[in-house]
Structure formats: structure tokens, C-alpha cells
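Reading through the C-alpha cells given below for one structure.
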Protein chains: 2
Amino acid sequence: MEEEKKLSSNKEDYLEVIFILEKKNGVARVKDISRLMKVKTSSVTSALNMLSKEGLVIHERYGYVKLTPEGERLALKVRKRHNILFRFLSEILNIDPEVAEKDACGMEHSVSPQTLEKITKFIEFVETCPEHTRPDWLRSFDYFFKTGRRPRCKIRKLKKDVLGGK
Amino acid sequence: MEEEKKLSSNKEDYLEVIFILEKKNGVARVKDISRLMKVKTSSVTSALNMLSKEGLVIHERYGYVKLTPEGERLALKVRKRHNILFRFLSEILNIDPEVAEKDACGMEHSVSPQTLEKITKFIEFVETCPEHTRPDWLRSFDYFFKTGRRPRCKIRKLKKDVLGGK
DNA sequence: TTACTTTTTTAGATATACCTAACAAATCAA
DNA sequence: TTGATTTGTTAGGTATATCTAAAAAAGTAA
């Protein structure tokens with residue numbers, strides 16, 4: 001039942017860029033897909049033929065390219081994985097956005113639902129923290145990463161003084 | 001300069017399993033590679049021919065399979081990426097080991113050096129923390145993930161009481 | 001509308017990565 | 001040592017994913 005057919009990374013990438021172009025321009029064009037995918041237009045044509053046969057895109061000869069509902073559903077799934085990974089890398093780990101973007105592109109095809117869920121919750125955990133800023137422990141990590149040293153921990157000192165240490 | 005030729009994920013996988021088999025048995029055999037890669041032995045033979053031509057493995061007809069120094073160097077790089085990703089997922093995020101293993105296998109081919117470095121340091125940050133246990137903030141996340149709620153924070157309360165809040 | 005330009009498709013090639021089926025070599029057992 | 005079993009290779013086929021070069025369709029401008 002359901003047997004959700006597993007797409008190749010490549011096809012997921014095509015769906016993703018078609019999705020992005022559709023959002024931007026209403027429909028996608030072979031030329032633009034070609035540019036974003038960094039392949040020749042003839043490669044796009046043959047990819048579209050496959051995706052078309054699989055019912056994921058509508059593509060008439062010399063005409064527009066659009067995702068079918070099923071194609072859009074799959075594109076959104078990939079996009080969501082991408083965004084979560086990107087946000088985790090850039091917002092939590094402070095990876096440079098361009099690097100985070102490339103890494104997210106690489107990982108988005110294979111990350112499991114379970115891991116995605118964890119990471120989603122982790123982002124939420126960090127970004128809805130009571131401090132309403134980057135939490136202390138994460139600032140500590142930033143410092144640790146930069147300097148190799150741990151910052152003096154005020155709260156630990158406080159705790160020790162007040163509670164008589166442990 | 002250097003021009004480090006980029007291997008396909010597939011070839012990296014072959015190097016990895018050959019590496020693992022070598023560590024276990026001294027040399028790798030086609031049958032065992034086939035089993036670990038979940039492909040037929042004829043596929044292994046043709047993969048080995050390519051890797052051989054690229055100078056990454058030694059493979060005599062009907063004979064043993066061994067990594068060249070260059071092959072071993074590359075295998076180690078992949079292995080290292082795999083291990084860091086696996087540890088991050090299983091030890092920090094508490095992902096089930098089997099799932100973490102699969103995810104690490106998927107991500108190990110594309111993770112950038114910068115991201116790998118961050119994650120490496122993040123693991124170190126967590127595992128060499130002064131508490132010598134899973135740090136409080138991470139236990140808080142475990143709780144948050146399980147229940148959707150944040151645990152009452154003793155230290156924050158303490159801080160507020162003593163310092164007069166903020 | 002005709003001519004030029006751009007876009008897209010087709011045809012045909014290459015490379016990877018897998019398969020099955022048949023064959024060959026190596027290993028093991030009687 | 002010979003015969004059976006296991007292991008490995010070859011031959012030939014499929015599918016994906018790319019390319020170049022040439023042809024066709026669509027768009028643009030005089």
C-alpha cells in the first residue's frame with residue numbers, strides 16, 4: 001500500500017527548480033531550468049520527458065512546464081527538507097549561508113523523516129527559548145568554536161556560591 | 001593545483017566497504033563487497049575495474065582486493081565524515097542508531113569541510129562539558145522533544161531570585 | 001511578412017551503475 | 001585427484017544523466 005515511489009536525487013532537483021520558477025514566474029521554461037540546474041537545455045528536455053511520463057510535470061512540446069499536483073506535493077516535501085536543513089546549518093550552527101545552502105542541497109535527498117523531525121524540533125527549541133535571544137549555551141558554543149575555550153559561566157558560579165557547590 | 005578529483009557517491013561507497021573489509025579480514029573479497037553493497041558480484045567486478053584504472057584499488061583477476069594508499073586516504077576521509085555525522089545524530093540528537101547510520105551514509109558524500117568542522121566541534125563542546133554528563137540544555141531539549149514542554153529551569157529561577165530578575 | 005534570433009527538440013554519443021545468464025577459475029571434499 | 005560447489009568474470013542488456021551538433025519551432029523587429 002502507498003508504495004511511495006522513490007525518486008532519484010536528480011529528479012527531485014528538477015522538481016525543486018521547477019517549483020521555484022513556477023512560484024517566481026507562474027510557469028517554468030526549459031531555458032531557466034537549464035540555467036538553474038547547470039545543464040544544457042537538451043538534458044532538460046529529456047529529464048522533462050521522464051518526469052512527464054511519471055505524471056509529475058505537464059510539458060507540451062515547445063510549451064510551458066508546470067508541476068502536476070503530485071509533482072508539486074513531492075517538490076514541497078523536498079523544499080521543506082531543504083529549508084529545515086538550511087536553517088539548522090545557518091541559524092543554529094552559524095555556517096556561512098552559501099555553504100549551508102550547498103550542504104542543504106546535498107543532504108535534502110537522503111535525510112530521514114525521523115532526523116528531520118528532530119532537527120525541526122531542535123530549531124524550535126532554540127528559537128522559542130525563554131531568553132528570546134540566542135541561548136546562553138549556544139553563545140558558549142560560538143565562543144568555544146572561535147577560541148577553543150569555554151567562557152566563564154556566571155550561572156554555574158552563582159549556583160555554586162548560593163547552593164554551596166556540588 | 002591539487003584538483004582533488006571528485007569521486008561519485010557510489011565509488012566512495014565502494015572504497016568505504018573495501019576499507020571496512022580490509023580492517024576486518026586483511027583483504028576484501030568480491031563476494032563480501034557484493035553483500036555489503038547489496039549488488040550482484042558482476043557489478044562489483046565492473047566497479048573494481050574502474051577503481052583500479054583510477055589507481056584507488058589493487059585487484060588482480062580472481063585475486064584479492066586492496067586499497068592503494070590513495071584509495072585508503074580517500075576511504076578514510078569518507079569514513080571520518082560518516083563517523084562525525086553518525087555521532088552527531090545518535091549521541092547529540094538521540095536519533096536511533098539504525099536511522100542515524102542510514103542518514104550518515106546518505107549525507108557523508110556531500111557534507112562540506114566547514115560544516116563537518118562545526119559539527120566536530122559541536123560534539124566536542126557537548127561531550128567535554130564541565131558537567132561531565134549530558135549538559136542541562138540538552139536534557140531540556142530531550143524533554144522538550146518528548147513532551148513539547150520546557151522543563152522548569154532551576155538555574156533561571158535561582159538567577160532571578162538572587163539577581164533580582166531581568 | 002520576411003528575416004533574424006532565441007528557444008527547444010531531436011539524434012546520436014559517452015559514462016555510470018546496475019542487471020541476468022553463461023562461462024571460467026578457484027576451493028573444498030570424498 | 002577428480003567432481004561438485006563456490007566465487008569471480010565476461011558478454012550483453014537496461015536505465016539514468018549528461019553532452020554536442022543539427023534541425024525545428026517560436027518570438028521579434030523591420
Side-chain angles (χ1 to χ4, degrees), chain A residues 3 5-18 21-22 24-67 71 74-75 78 105-106 108-110, chain B residues 3 5-18 21-22 24-67 71 74-75 78 105-106 108-110:
Chain A
E3 288 295 331
K5 54 178 170 290
K6 171 79 178 113
L7 284 181
S8 70
S9 301
N10 192 257
K11 284 175 182 170
E12 286 190 345
D13 283 335
Y14 275 104
L15 293 183
E16 219 179 343
V17 313
I18 293 166
L21 288 168
E22 253 186 64
K24 215 183 67 176
N25 310 328
V27 294
R29 301 172 64 220
V30 170
K31 193 192 71 155
D32 298 323
I33 300 170
S34 149
R35 183 170 40 78
L36 291 191
M37 291 286 296
K38 299 179 203 292
V39 298
K40 300 299 168 189
T41 58
S42 57
S43 305
V44 174
T45 299
S46 81
L48 290 176
N49 288 338
M50 287 192 289
L51 291 169
S52 206
K53 228 176 291 176
E54 294 173 75
L56 302 177
V57 305
I58 304 290
H59 177 222
E60 326 206 290
R61 238 162 137 273
Y62 294 101
Y64 61 77
V65 179
K66 285 188 86 166
L67 296 172
L74 294 174
V78 181
C105 282
E108 72 194 5
H109 306 294
S110 61
Chain B
E3 289 297 329
K5 55 176 170 292
K6 171 80 177 113
L7 283 183
S8 69
S9 300
N10 191 257
K11 283 175 183 171
E12 286 190 345
D13 283 335
Y14 275 103
L15 292 182
E16 217 179 344
V17 314
I18 293 166
L21 288 168
E22 254 187 62
K24 215 182 69 175
N25 309 330
V27 294
R29 301 171 64 220
V30 170
K31 191 191 72 154
D32 297 324
I33 298 169
S34 150
R35 183 170 42 78
L36 291 191
M37 291 286 294
K38 301 181 202 294
V39 298
K40 300 297 168 188
T41 58
S42 57
S43 305
V44 174
T45 300
S46 80
L48 290 177
N49 287 338
M50 288 193 288
L51 291 169
S52 206
K53 228 177 288 177
E54 295 172 73
L56 302 177
V57 304
I58 303 291
H59 177 221
E60 326 206 290
R61 240 162 135 274
Y62 294 101
Y64 61 78
V65 179
K66 286 188 87 165
L67 296 172
L74 295 174
V78 181
C105 282
E108 72 193 4
H109 305 293
S110 61

Distance from Met37(B) atom CE to Glu16(B) atom CD, nearest 0.5 Å?
9.5 Å
Going from CG on Leu36(B) to CG on Leu21(B), what distance comes out if it is rounded to the nearest 0.5 angstrom?
5.0 Å
Shortest non-hydrogen contact from Ser34(A) to Lys40(A)?
OG-C, 4.0 Å
For the student: nearest non-hydrogen atoms of Lys11(B) and Glu54(B), plus distance:
NZ-OE2, 2.7 Å
Could you check which of dA17(C), dA17(D), dT8(C) has an atom nearest any side-chain atom of Val30(A)?
dT8(C)
What is the distance, rounded to the nearest whole Å, between atom [atom1] of [X] and atom [atom2] of [N]?
X: Arg35(A); N: dT6(C); atom1: CZ; atom2: P; result: 16 Å
X: Glu12(B); N: dT16(C); atom1: CD; atom2: P; result: 15 Å
X: Lys6(B); N: dT16(C); atom1: NZ; atom2: P; result: 15 Å
X: Leu51(B); N: dA17(C); atom1: CG; atom2: C1'; result: 12 Å
X: Asp13(A); N: dT18(D); atom1: CG; atom2: P; result: 9 Å
X: Asn49(B); N: dA17(C); atom1: CG; atom2: C1'; result: 13 Å
X: Leu21(B); N: dT7(D); atom1: CG; atom2: P; result: 14 Å
X: Leu7(A); N: dT16(D); atom1: CG; atom2: P; result: 11 Å

Less than 4.0 angstrom between a side-chain N/O of His59(B) and OP1 or OP2 of dG8(D), yes or no?
no
Please examine the side chains of [Y] and [X], heavy atoms only from C-beta on, and report whether any two atoms are closer than 4.5 Å.
X: Val44(B); Y: Tyr14(B); value: yes
X: Asp13(B); Y: His109(B); value: yes
X: Val57(B); Y: Leu15(B); value: yes

Which is more 5' along DNA chain D, the nucleotide nearest Asp32(B) or the one nearest Glu54(A)? Just name the residue.
Asp32(B)
Can you check each nucleotide of nucleotides 18-24 of chain C against protein heavy atoms at under 4.0 Å and return B for base, S for sugar-phosphate only, - for none, in 5' to 3' order?
SBB---B
